[in-house]
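All figures in this text were calculated on a predicted structure; none of them were measured in a lab. Note that the numbering runs from 1 along the sequence shown for the chain.
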Amino acid sequence: MSDDPVGPAASTPEALHAIIADAFSRGDVGAFLAAHEEGASVVVPPGGTCAHGLAEIRAATAPIIALRPRMTSVVYKTLRSNELALTHASWDLDGTAPDGTRTRLSGTATIVSRRGPDGTWRIVLDDPQSGAAAAAARVIYGRTGSEAVDMPVPGDHHVQELYPDPDQA
């Protein structure tokens with residue numbers, strides 16, 4: 001198991017999901033980190049905390065990656081614009097802690113990635129729990145599709161920021 005951020009390069013945005021699944025399954029923190037840009041931000045399941053930068057991402061994800069859980073991921077949508085891409089994938093993770101406790105997680109992930117000058121893709125933003133946020137919005141707003149929400153907002157309007165902006169800290 002390596003802790004250095006070195007791993008296979010992603011030739012497509014979709015390949016990043018396969019690299020992540022492989023890194024988890026092999027317990028390779030370095031390969032997981034190598035798939036991310038230096039200033040990337042990742043929402044870390046199951047608690048949904050946000051880690052900014054490779055050092056925080058390493059600290060937040062290393063314990064689950066160390067379990068070498070079996071992870072699968074299926075990309076079902078990609079949107080590209082120049083050097084940026086937005087991908088959506090469903091994923092499942094199944095592992096066992098040293099004490100025998102079983103860890104099973106699944107979700108819908110949204111990744112924003114950027115193509116570098118060398119032609120490879122790296123993750124800028126990674127929210128493996130974006131499906132949970134979408135499901136909560138459907139419950140709150142009573143919507144089931146991607147139709148626009150046109151709701152009057154009385155008084156002052158503000159957006160509740162779920163994940164703090166690291167540049168404002």
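Formation of a donor-acceptor pair under 3.5 Å by the R68 side chain with backbone atoms of D28 is not found in this model. For Q129 (side chain) and P46 (main-chain N/O), a donor-acceptor pair under 3.5 Å exists by modelled atom type. No donor-acceptor distance shorter than 3.5 angstrom exists from the side chain of T110 to the backbone of D127, with no hydrogens or angles considered. Between the side chain of T108 and the backbone N or O of S130, no donor-acceptor pair lies under 3.5 Å. No donor-acceptor distance shorter than 3.5 angstrom exists from the side chain of S81 to the backbone of L84, with no hydrogens or angles considered. At distances below 3.5 Å, not a single donor-acceptor pair connects side-chain atoms of R122 with backbone N or O atoms of R114.
We find the OG-CE distance between S25 and M71 to be 8.0 Å, quoted to the nearest 0.5 Å. Rounded to the nearest 0.5 angstrom, L16 CG and S73 OG are separated by 10.5 Å. Annotation: the span from F32 atom CZ to I20 atom CD1 amounts to 5.5 Å, rounded to 0.5 Å.
The hydrophobic cluster containing I64 also contains I111, counting ILVMFWY residues as joined when their side-chain heavy atoms lie under 4.5 angstrom apart, directly or transitively.
The heavy-atom pair separating E83 from W121 by the smallest distance is O-CZ3, 3.5 Å. Taking both residues in full, the closest heavy atoms of A60 and P63 are given as O-CD, 3.9 Å, listed atom of the first, atom of the second, then distance. A pairwise comparison of heavy atoms in A9 and I19 identifies C-CD1, 4.0 Å as the closest pair. The minimum heavy-atom distance between C50 and E56, with the atom names listed, is O-OE1, 4.2 Å.
Evaluation of the side-chain contact (heavy atoms from CB on, under 4.5 Å) rule for A40 yields H36, I57 as partners, not counting sequence neighbours.
Ring planes of Y76 and H88: parallel class, angle under 30° (limits at 30 and 60°).
Residue R80 places its CZ atom among more than 12 non-hydrogen atoms of other residues, nucleotides or ligands, all under 6.0 Å distant.
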Item to check | Check against side chain to side chain contact (heavy atoms under 4.5 Å, CB included), E37 and I123 | outcome: CA-CA 6 Å; E37 288 189 355; I123 297 167; over 6 Å; no
Checklist entry - Which is it for K77 and T87 under the side chain to side chain contact (heavy atoms under 4.5 Å, CB included) test, yes or no, and what are the steps along the way? => result CA-CA 6 Å; K77 185 175 184 181; T87 52; over 6 Å; no
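Through chains of ILVMFWY side-chain contacts below 4.5 Å, V124 is grouped with L79, L86, V112, L125.
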Return a table of donor-acceptor pairs under 3.5 angstrom between the side chains of residues 89-105 and protein atoms on other chains or two or more places apart.
unit_1, atom_1, unit_2, atom_2, d
W91, NE1, P128, O, 2.9
D94, OD1, R102, NE, 2.9
D94, OD1, R102, NH2, 3.3
D94, OD2, R102, NH2, 2.4
D99, OD1, T101, N, 2.8
D99, OD1, T101, OG1, 2.7
D99, OD2, T101, OG1, 3.1

